Amino acid sequence: MSFLEVILPLPLPGTFTYRYSPVLFPNPQIGARVIVQFGKRKIYTGIIHHVHDTVPDQYHPKEILDMVDQTPVVTAEQLSFFEWVSDYYMCSLGEVVNAAVPAGLKISSESYLSINPDIDVEELELTEKERIIINHLQSGDVTMNDMGKLLDIKSPYAHVKKLKEKNAIQVFEKVKDKYTPKQETWIRLTGHYAQEDQLNLLAAQLETKKKQLDVLLTYLKMVPILDDPSSNDEGISKKHLTNTGISISSLKTLTKNGVFEEWKKTVSRLDTLADTSQITVNLSTQQQQARDEIFQAFESKSTVLLHGVTGSGKTEIYISIIQDILESGGQVLYLLPEIALTTQIIKRLTRVFGKTFGVFHSKYSDNERVEVWQKVLQGEYNFVVGVRSAVFLPFNDLSLIIVDEEHEPSFKQYEPAPRYHARDAAIYLAAKYHAKVLLGTATPALETYKNALEGKYGLVSLESRFSNVDLPEVTFADLIKERKQRKIKGNFSSVLLGALKDILERNKQAILFQNRRGYAPYLTCDNCGYIPKCPHCDVSLTFHSYQNLLICHYCGYKSEVLSECVQCQSTEIKTMSYGTERIEEELELLLPTARIRRMDLDSTRSKYSYQKIIDEFEAGDIDILVGTQMVSKGLDFGNVELVGVFDADRMIHFPDFRSHERAYQLIHQVSGRAGRRDVRGQVVIQTNDPMQPLLAYLRRQDYIGFYRSEILEREQFRYPPFYRIIQITFKDPDKQVVGDAARYYGGILRKQLGDHRVMGPVEPMVSKIRNQYLFEITVKFEKQGINLRALKEFLLNSRNMLQSQRLYKSVRVYFDVDPV
DNA sequence: AGCACGCCGACT
DNA sequence: GTCGGCGTGCTC
Ligand SMILES: [Zn+2]
Ligand SMILES: [Zn+2]
């Protein structure tokens with residue numbers, strides 16, 4: 001007997017056993033895909049985890065429906081990596097596979113209803129609802145879900161069952177769309193005409209048919225069949241040929257007459273050209289030295305932190321190292337946060353590596369992601385630049401992983417599971433391949449810097465690209481003082497406004513930074529202060545001006561903009577715009593001559609808008625750029641001499657143990673935009689408390705000083721990197737039930753782990769999402785002397801214990817290991 | 001997660 | 001009575 005253990009992309013523990021016929025499928029490969037039925041009807045794509053011949057005694061395994069691959073699409077190394085992710089981040093293997101494998105490689109089915117053609121529906125006795133179903137089906141098949149919507153009931157199942165019994169309809173499974181290769185129409189000469197003598201004859205015949213002759217001659221110019229007969233094997237793409245302006249109808253005629261033939265060529269969606277440009281990067285002495293130190297450190301350390309100030313040219317060092325690794329035949333993965341993976345960086349890499357590398361971006365279509373996956377699998381890409389999820393690609397000979405801006409919180413995934421951190425997963429993955437990891441940033445995560453200081457990681461510091469760059473001059477605008485003196489205009493202190501005027505007079509550029517958090521636009525009643533909230537979530541609705549809609553960012557709920565306040569019926573409804581937008585508007589009044597642009601999620605929504613703003617700014621067509629986090633990324637803005645920071649206090653005092661670290665990183669990074677070679681930049685930070693210690697470190701751009709003070713706090717208050725955190729979230733539509741469940745679970749933990757290791761349960765800041773109430777417990781525990789495995793085991797067992805209670809059965813419990 | 005089954009209240 | 005909501009258990 002032959003069985004397969006199959007991973008299904010579902011949030012269920014373990015693998016599932018299926019039978020297969022060795023006659024039909026002689027050599028099942030681990031990591032190959034199989035199509036299986038799971039449950040009564042659903043069809044899924046599973047991944048073969050292993051093959052065995054142990055007959056299960058508890059159940060009868062189903063037989064697989066099909067085997068998709070003869071060779072694995074997931075490598076054995078990946079499978080074991082997936083298992084690590086699932087263990088470490090406390091989720092199911094299926095959830096990892098779901099996140100790792102592009103949707104196009106996983107087909108799944110949907111139930112469709114269709115009318116039975118052999119039956120005369122007129123003769124049947126039908127209820128009203130059944131009649132409606134039949135009527136809908138007469139104009140084509142409908143999915144079970146859609147039918148529910150058409151009937152406006154939760155599930156049409158009961159009626160469908162009746163109709164099935166009456167033999168009036170059928171239910172069948174249809175595969176949802178999956179990866180389809182891109183096809184192009186190509187033109188070539190038919191075999192008969194693909195010879196010199198026949199071509200001459202044909203040319204003579206076409207002497208009077210000028211347009212057809214033109215088509216033939218154009219073709220021969222583009223496909224030099226006489227010099228190189230093999231060039232007619234593929235011919236030329238029809239699009240290419242017709243783009244020359246030839247007569248399309250003449251081409252049609254020639255094709256009809258058997259001169260040309262059309263065929264479908266499978267082409268790549270990815271822009272792959274031969275590696276044409278081999279530009280060597282010229283490193284400065286400092287860069288050269290850092291590069292050497294990195295290689296030196298790799299001799300003894302598998303992970304190295306490159307701590308390089310903003311604008312010190314880390315990217316060039318990466319490029320130089322990547323070239324080295326590729327020359328020696330290794331594979332390289334270069335991870336970037338989403339906002340940093342811009343067309344700029346891709347262009348820059350293209351200049352060096354041609355188009356021989358893969359780009360794995362969340363904005364790309366799933367079909368493109370499938371093609372990157374396949375090219376990595378087939379060894380065609382030895383270099384991939386990508387976001388978080390690119391760690392899951394099927395590398396076979398990984399030599400180096402670069403994690404740029406390693407401190408960025410966006411490397412951690414939150415929803416859905418797996419809640420993994422791409423940097424940490426990369427470090428594990430690298431160890432598996434005996435590969436090296438290079439972490440780069442100007443403001444390391446505290447965890448990372450601690451590891452580097454303790455010698456766990458190598459540490460290479462890069463002061464600046466050139467030796468004559470001064471730190472920017474950082475000044476603080478004391479908002480309290482200015483408020484007393486009535487010098488503040490809207491969001492602007494007189495200090496910042498003065499500096500801006502100066503910049504304008506001198507024809508220089510400025511960047512104004514406003515943190516994104518808490519500045520989404522919303523509507524509010526001017527009379528009573530009412531703010532429209534989502535009926536399903538505990539958040540106010542975000543106002544989207546371009547659609548004129550109110551949208552919930554948690555559940556997607558949409559609502560029309562009401563002209564009247566629901567609370568007081570006042571019609572004085574005011575829009576509170578984006579923080580950046582408000583600043584932009586004020587600025588237009590305060591400095592009417594300035595050319596101002598805004599760069600945030602909202603203004604860069606369309607495909608090229610980001611690039612457009614960058615281009616305009618670089619060309620000097622913008623004086624003041626107002627933006628969020630985005631302005632601290634991207635490439636060198638040459639002429640910036642002033643950076644203004646709004647609302648530093650809100651960042652610093654955000655109620656989270658990482659708020660200092662975050663605030664420091666954000667302000668430090670954006671400050672780095674001020675100044676350039678030979679010119680000292682200026683930074684103005686607006687604050688209510690210019691004396692707070694964090695600002696002193698920022699004034700000196702003193703990361704190490706900041707680290708030293710912050711790390712003491714972390715130790716004292718038992719936070720990472722000294723302690724580990726696992727956050728447990730409880731979810732249920734009944735607030736009382738979740739609260740009780742969380743307290744019950746908390747009780748179990750307290751008893752076993754002690755009060756000091758268990759915090760909560762507490763209601764999170766957003767306490768309801770999609771009609772589910774939330775509670776959170778935070779478990780904090782020492783890094784040393786605790787068996788992490790055993791602890792996780794205990795947490796999982798406690799969840800089982802909780803859910804075996806009748807009352808708490810429906811409560812969802814999930815874990816977030818190392819939350820950020 | 002998705003689906004079937006079965007129980008129970010509330011409308012024709 | 002039967003329709004439709006919802007809770008429960010199971011899926012190889
Ligand atoms: Zn009102
Ligand atoms: Zn919502």
Side-chain angles (χ1 to χ4, degrees), chain A residues 1-20 28 34-67 86 91-99 103 106-113 125-133 143-165 171-176 415-418 731-734 737-738 741 770-772 800 802-814:
Chain A
M1 279 293 222
S2 313
F3 298 102
L4 302 173
E5 288 305 310
V6 174
I7 310 170
L8 294 177
L10 299 170
L12 300 172
T15 56
F16 296 87
T17 313
Y18 283 87
R19 257 179 321 124
Y20 76 101
V34 287
I35 307 296
V36 296
Q37 191 180 56
F38 186 66
K40 289 251 159 102
R41 47 173 27 102
K42 264 262 166 180
I43 292 166
Y44 291 100
T45 305
I47 308 280
I48 301 178
H49 182 273
H50 64 274
V51 186
H52 64 93
D53 50 14
T54 322
V55 185
D57 49 2
Q58 301 293 309
Y59 49 86
H60 289 289
K62 287 192 170 90
E63 184 156 355
I64 63 163
L65 301 176
D66 198 5
M67 191 170 299
S86 121
C91 64
S92 80
L93 198 48
E95 285 171 311
V96 182
V97 165
N98 213 9
K106 300 170 297 199
I107 63 152
S108 69
S109 71
E110 226 173 340
S111 299
Y112 272 76
L113 309 179
E125 270 185 44
L126 299 173
T127 65
E128 194 191 335
K129 281 268 154 68
E130 288 170 3
R131 176 67 61 195
I132 299 172
I133 293 180
T143 70
M144 190 85 88
N145 271 336
D146 290 348
M147 188 58 79
K149 279 177 208 150
L150 287 170
L151 299 181
D152 201 27
I153 53 175
K154 278 250 164 134
S155 163
Y157 186 76
H159 306 288
V160 166
K161 200 176 167 187
K162 289 269 166 60
L163 282 167
K164 242 174 84 180
E165 280 162 10
V171 182
F172 68 99
E173 294 297 296
K174 195 166 158 186
V175 160
K176 284 193 243 174
E415 204 94 270
K731 240 194 204 171
D732 194 89
D734 186 325
V737 170
V738 236
R770 293 173 191 271
N771 288 324
Q772 304 259 326
N800 293 341
L802 177 84
Q803 287 176 332
S804 65
Q805 312 267 323
R806 194 153 198 84
L807 260 168
Y808 306 139
K809 215 150 225 147
S810 64
V811 178
R812 303 255 147 223
V813 182
Y814 55 80

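Since the model is a prediction, treat every value here as computed from it, not as a measurement.
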Nearest-Å distance, CG (A:Asp152) to P (C:dC3)? 17 Å

Round to a whole Å and report the spacing from CD of A:Glu95 to P of B:dA1. 8 Å

Starting at atom CG of A:Leu12, determine the distance to atom P of B:dG2, rounded to an integer number of angstrom. 11 Å

Pairwise 5' ranking along DNA chain C for A:Phe38 and A:Lys154, keeping only the more 5' one: A:Lys154

Quick check for you: among C:dC3, C:dG4, C:dG9, whose closest atom lies nearest to any side-chain atom of A:Thr127? C:dC3

Hydrogens and angles aside, do A:Asp732 and A:Ser810 bring a side-chain donor and acceptor to less than 3.5 Å of each other? yes

I need the CD-P distance between A:Gln37 and B:dG2, as an integer number of Å. 16 Å

Is it the case that the side chains of A:Ser109 and A:Tyr44 hold a donor-acceptor pair, with the cut-off being a distance below 3.5 Å and no angle test? no

Residue pair A:Val34 / A:Thr45, side-chain heavy-atom distance below 4.5 Å: no

Round to the nearest Å and state the distance from A:Phe16 atom CZ to B:dG2 atom P. 14 Å

What one-letter contact string describes nucleotides 4-12 of chain B from 5' to 3', where B marks a base within less than 4.0 Å of any protein heavy atom, S marks contact via sugar-phosphate atoms alone, and - marks no contact? SS-------

For atom OH of A:Tyr808 and atom P of C:dT8, their distance in whole Å: 14 Å

Round to the nearest Å and state the distance from A:Leu113 atom CG to B:dC3 atom P. 12 Å

A:Leu4 and A:His49: side-chain contact (heavy atoms from CB on, under 4.5 Å), yes or no, with the steps? CA-CA 7 Å; A:Leu4 302 173; A:His49 182 273; over 6 Å; no

Assess, by modelled atom type and distance only, whether the side chains of A:Ser86 and A:Glu95 contain a donor and an acceptor separated by less than 3.5 Å. no

Spacing of A:Met147 atom CE relative to C:dG4 atom P, expressed in whole Å: 14 Å

Please report whether the ring centroid of A:Phe38 lies less than 6.0 Å from that of A:Phe16. yes

A:Ser155 or A:Arg806: which one's nearest nucleotide on DNA chain C is closer to the 5' end? A:Ser155

Just to be sure I understand the rule, does A:Tyr18 reach a base, reach only the sugar-phosphate, or reach nothing, if contact means heavy atoms closer than 4.0 Å? sugar-phosphate

For C:dG4 and A:Lys129 - does any side-chain N or O of the residue sit under 4.0 Å from the phosphate oxygens OP1/OP2? yes

Could you tell me whether A:Lys174 and A:Glu110 make a salt bridge, using a distance below 4.0 angstrom between a side-chain N and a carboxylate O? no

